[in-house]
Amino acid sequence: MNIIGKREPRVDALGKVTGAAKFADDYNMPHQLYAAVKYAEFPHAEIVSVDTAKAAALSGVQAVLTAKDVPGSNRFGLGGDIRILADDRTRYLGDVVAVVAAESRALAAQAIDLIEVTYKELPAVFHPEEALKEDAPKIHEQGNEIVHHKLRRGNVEQGFAEADFILEHRFTTQAIEHSYIEPEAALAYPDEQDGFVVIGSLQNFYTSHKAIAAALDLPLSKVQIIQSTMGGSFGGKDESATMLAARAALLAQKTGRPVKMLNSREDSIRQSYKRHPYILYYKWGCRYDGSITAMELKAIADGGAYVSMSPFVTWRSVVQATGPYHCPNVKTDLYAAFTNNNFTGAMRGFGSPQVNFAIESMMDELAEQVGKSPLAVRLLNGFETGSVTATGQRLNHEVSLKHALLEAASASYYGKKWAENRLTKNKSNPIRKGIGISCAYRGVSLGAEGVDAASAVVYIQPDGSVNVSSGIIDMGQGAQTAMSQIVAEVLGINLNRLRFLQPDSGRVADSGPTVASRGTIMGGGAAKIAAENVRAVMEKTLREMTEQEQADFLFENEEIFLKKGNGKGKRVAGFDEVVARCYAKGRPLFASGVRHIAETNWDEETGQGDAYFTYVYGANVAEVEVDTETGRVDVTKFYSVHDVGRAINRSMVEGQIYGGVAMGMGYGIMEEFIQEEGQAKTLNFDEYYIPTALDVPYMKAIILENPDAKGPFGAKSIGEPALEMAAPAIANAIFNATGKRILNLPANLEEVLLGKKLRRKTPRASVSCKIGPL
Amino acid sequence: MTEITLNVNKKEYRLTVSEDALLLDVLRNNLGLTGTKRGCEVGECGACTVIMDGKTVNSCLVLAVQAQGSEIRTIEGVAENGKLHPVQQSFLEYDAVQCGFCTPGMVLSAVSLLEKKAHPEETEIKEAIAGNLCRCTGYQPIVKAIKAVGEK
Ligand code: FES
Ligand code: FES
């Protein structure tokens with residue numbers, strides 16, 4: 001292979017280092033208006049009336065809209081319950097009751113203050129366990145249970161009876177803000193044929209497209225969504241970004257002018273959905289030899305105000321709830337509940353970081369109880385090729401879990417350090433060293449709950465230059481580069497011939513969401529098929545040129561050769577020459593490709609089935625220094641091993657690993673989106689801390705490659721695996737250093753020192769003053 | 001409204017701005033230099049970093065009127081005569097760019113550091129970019145990229 005596996009520079013990087021790259025807020029139009037929002041004033045209240053008269057009368061205000069003014073559907077999302085503008089009630093403080101478009105940002109904000117809303121306050125609920133109680137205030141008519149997923153395998157009662165001892169813990173994990181550095185923004189404007197164009201920072205623009213067209217009451221063909229360069233997303237620019245873009249589009253429709261809508265950081269954090277906080281009750285039946293006889297889990301996820309991705313996020317948790325370990329008897333019940341907190345949805349990891357934290361902590365506990373090393377216990381219980389998962393799926397691909405564990409352990413000298421740290425308890429030195437290990441497996445792509453298809457288009461222009469496009473979005477992870485490399489490999493051309501065009505709703509068929517680490521395997525798969533389709537046209541021409549009807553060809557280094565067995569035969573022509581011939585024969589070189597994988601099945605009642613069409617495996621080791629006087633944890637080194645099937649671009653795979661580790665470290669020891677009574681307390685980066693350059697450890701990325709038949713050139717995925725097992729490696733390292741088991745994330749100062757979180761009672765400055773756009 | 005003069009990327013501008021206008025907004029909106037990014041508007045993320053009279057500042061914390069008479073360098077002024085600055089080149093080489101939203105600020109922090117110290121230590125690099133948040137890269141490739149410039 002010539003291009004696959006190389007460290008090719010990213011196709012989109014040049015514009016990003018010069019400042020030329022245009023993000024959503026960098027688009028402006030003459031005559032544009034600025035939008036602002038009126039927030040809910042109670043986390044749970046009936047909206048009795050909205051008086052917009054004074055705001056509308058302010059000079060320079062061009063439109064004020066409430067739910068009543070939405071011509072089409074005001075609700076969207078998986079549950080059909082997310083309101084573009086709050087209609088019947090407010091359900092969290094990020095709900096928006098009205099929007100304004102005015103000649104300036106300042107005027108729009110001024111108008112917002114003139115809107116008067118009369119509410120009837122309703123009792124609210126902020127804790128998911130409370131919300132599931134019989135007498136809890138109902139947030140939606142159907143009650144507060146969003147979903148209850150079950151998995152039943154074997155007989156847990158019997159499994160516990162066979163156990164030598166029982167391990168039981170209650171774990172909690174926190175809400176996390178995605179913290180993409182680019183806040184959401186969109187520019188909406190009327191086009192020339194009474195349709196609308198929206199340029200936005202949208203992760204899943206096909207779903208945004210549908211929601212926006214439905215809101216405007218227009219056919220999909222009349223609404224064009226243009227994807228701007230995205231300043232990060234991590235799962236976060238789906239429904240929240242859609243809400244913003246839809247509001248802008250509604251105002252553009254009302255005023256007939258371009259409307260810019262822009263979230264400040266505070267707007268972004270106040271409105272957007274978060275990673276689900278979980279409460280997990282884990283119970284394991286174990287034997288003295290370190291094996292597991294049964295596992296029972298009851299977990300409750302806080303879904304917040306709307307359904308969003310809760311059913312899918314929690315489903316993944318159920319599938320992966322035993323971790324990559326043999327367990328004959330399993331009973332899992334996973335609930336998601338409505339509360340009056342920010343709604344929770346997709347975030348890198350998608351239901352796995354929560355369970356992984358608990359599982360991997362339990363695995364270390366098990367090792368501690370039976371007097372073995374954590375590595376030994378994992379090797380004893382871990383999956384191998386041919387193992388059967390808790391859902392009854394046989395893993396027929398190369399299961400590289402143990403290989404990953406051993407790589408991570410040997411690269412870090414895990415065994416030696418683990419044993420040493422336990423012995424050195426120098427009482428006079430408050431700084432203790434620790435090392436921790438974790439591993440995980442992960443179902444690739446959407447799995448049995450979604451239709452899994454993606455599209456791509458390849459167009460070889462008459463001069464031999466090539467355009468590629470796909471419905472898979474590049475949010476910085478490098479999807480465009482990976483897809484370009486795949487196309488270049490298939491066509492045997494240099495990468496600099498290729499230009500990736502930003503996706504646009506009219507250009508490429510619905511490719512589903514860019515989530516679930518499916519970009520390379522699905523988008524790359526589609527790009528490969530599109531390139532093969534276009535190559536087939538060239539091959540037809542080549543057969544005529546060589547007058548060999550059965551010939552096969554090799555496309556390599558910008559030239560085409562006859563295939564001789566598996567090797568290279570006589571040169572036939574240069575790439576450009578063949579392209580020219582094709583066009584001369586009236587054969588334009590344009591093709592699309594669709595990758596659809598449907599080899600999954602699922603039984604809702606028992607939680608049995610082939611949940612995902614393939615899986616990836618990885619292992620992490622963290623080294624820490626814990627200050628036992630302050631509780632401060634310093635992560636000093638990190639080893640991250642992943643089997644990615646095949647690395648299309650090594651640098652980019654490493655980049656995903658480094659970024660994932662940093663984010664996983666934030667999850668482990670720093671980050672928490674705090675809400676009190678529905679009121680967000682961490683509204684900007686002065687109170688919501690993400691790792692800085694000084695916080696991150698030295699990271700070693702180790703890539704394993706076991707090509708998978710399902711992926712393009714064998715590639716699987718890396719985006720989410722990179723993050724999902726970092727926190728428990730750190731928590732286990734803290735245990736190795738201090739003997740304290742972390743049960744609640746994040747392991748910040750209070751948690752490490754006191755085993756609980758301290759909460760400030762009085763409101764902070766940023767919360768006590770009014771929050772709103774500038 | 002007040003009249004100010006700014007020297008941005010070696011070009012003189014005479015502008016009428018309101019007293020509360022941020023340098024960030026003036027660069028982006030009045031001058032169309034959208035390479036300077038808005039990420040938090042409270043001085044925490046560094047996406048809005050520019051070099052003002054030889055020092056890096058968060059342009060969201062500087063009023064345009066405070067910048068009166070200053071020399072300002074934005075990301076658009078880093079490459080000269082169509083040639084990338086070594087820092088930019090190194091960012092490409094070391095895959096220090098993912099989504100790219102932090103990149104302009106990172107590049108400027110790096111350029112400013114290297115102008116003061118041609119061969120910085122790793123900790124000095126980390127300190128110099130500690131005010132620039134990046135959610136994508138884990139910083140490691142960025143630090144490597146900056147270090148490599150110093151080692152050349
Ligand atoms: S926008 Fe200025 S520091 Fe974040
Ligand atoms: S590259 Fe995305 S924030 Fe740094």
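Lettering follows sequence order; numbering is per chain, from 1.
Looking at B:Ile125, neither its backbone nor its side chain comes within 4.5 Å of chain A, counting heavy atoms on both sides. Contact annotation for A:Val696: both backbone and side-chain heavy atoms come within less than 4.5 Å of a heavy atom of chain B. With a threshold of 4.5 angstrom between heavy atoms, A:Tyr698 approaches chain B through its backbone and through its side chain. With a threshold of 4.5 angstrom between heavy atoms, A:Met699 approaches chain B through its backbone and through its side chain. Contacts between B:Glu93 and chain A at a heavy-atom distance below 4.5 Å are absent for every atom of the residue. Heavy atoms of A:Ile657 lying under 4.5 Å from chain B are absent altogether.
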Given side chain to side chain contact (heavy atoms under 4.5 Å, CB included), test A:Asp26 with B:Arg28 step by step and report yes or no. CA-CA 8 Å; A:Asp26 302 338; B:Arg28 288 180 57 83; 2.8 Å; yes
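A donor-acceptor contact shorter than 3.5 Å is absent between the side chain of B:Tyr139 and the backbone of A:Tyr658. A:Arg265 places no side-chain N or O within donor-acceptor distance of the main-chain N or O of B:Glu41, the cut-off being under 3.5 Å. A distance-only check finds a donor-acceptor pair linking the side chain of B:Gln98 to the backbone of A:Gly655 [under 3.5 Å]. A donor-acceptor pair is defined here as one N or O able to donate and one able to accept, closer than 3.5 Å; such a pair exists between the side chain of B:Gln88 and the backbone of A:Val17.
In terms of heavy-atom pairs under 4.5 Å with chain B, the best-connected choice from A:His178, A:Glu654, A:Met665 is A:His178. In terms of non-hydrogen atom pairs under 4.5 Å with chain A, the most contact-rich of B:Val107, B:Ile129, B:Val42 is B:Val42. Chosen from A:Pro697, A:Ala693, A:Gly659, the residue pairing most often with chain B at heavy-atom distances under 4.5 Å is A:Ala693. Most heavy-atom pairs under 4.5 Å with chain A, from the set B:Pro104, B:Gly43, B:Ala79, B:Cys136: that is B:Cys136. Here A:Ser179 is the residue among A:Ser179, A:Ala20, A:Ala13 with the most heavy-atom pairs under 4.5 Å with chain B. Ranked by non-hydrogen atom pairs under 4.5 Å with chain A, the options B:Leu133, B:Thr103, B:Thr36 are led by B:Leu133. Contact count against chain B (heavy-atom pairs under 4.5 Å) is highest for A:Ser651 among A:Ser651, A:Ala21, A:Ala662.
Atoms CG and CG, from B:Asn29 and A:Asn28 in turn, are 6.5 Å apart once rounded to the nearest 0.5 Å. A:Asp695 contributes atom CG, which lies 9.5 Å from atom NZ of B:Lys126 (distance to the nearest 0.5 angstrom). Between the CD1 atom in A:Ile690 and the SG atom in B:Cys134 there is a gap of 8.0 Å [rounded to 0.5 Å].
Closest approach of B:Cys40 and A:Asn684 over heavy atoms only: O-ND2, 3.0 Å. Here the closest non-hydrogen pair linking A:Gly232 and B:Cys99 is N-CB, 3.3 Å. For the pair B:Leu92 and A:Leu14, the tightest heavy-atom approach, listed with the atom from each and the gap, is CD2-N, 3.9 Å. In this structure, B:Ala130 and A:Leu694 approach most closely via the heavy-atom pair CB-CD1, 3.6 Å. Taking both residues in full, the closest heavy atoms of A:Pro183 and B:Gly39 are given as CG-O, 3.9 Å, listed atom of the first, atom of the second, then distance.
Residues of residues 56-78 of chain B that come closer than 4.5 Å to chain A, counting heavy atoms only, are B:Ile75, B:Glu76, ordered by residue number.
When the shell of 6.0 Å around NZ of A:Lys22 is examined, it contains more than 12 heavy atoms from other residues, nucleotides or ligands.
Each of A:Phe685, A:Tyr688, A:Tyr689 was scored for a side chain to side chain contact (heavy atoms under 4.5 Å, CB included) with B:Glu44, with one residue passing: A:Phe685. For the salt bridge (Lys or Arg N to Asp or Glu O under 4.0 Å) with B:Asp95, the lone residue among A:Lys16, A:Arg10, A:Arg7 that qualifies is A:Arg10.
A salt bridge does not link A:Asp25 with B:Lys37: none of the charged nitrogens is closer than 4.0 Å to a carboxylate oxygen. Salt bridge A:Glu671/B:Arg135: present, at least one basic N to carboxylate O contact under 4.0 Å.
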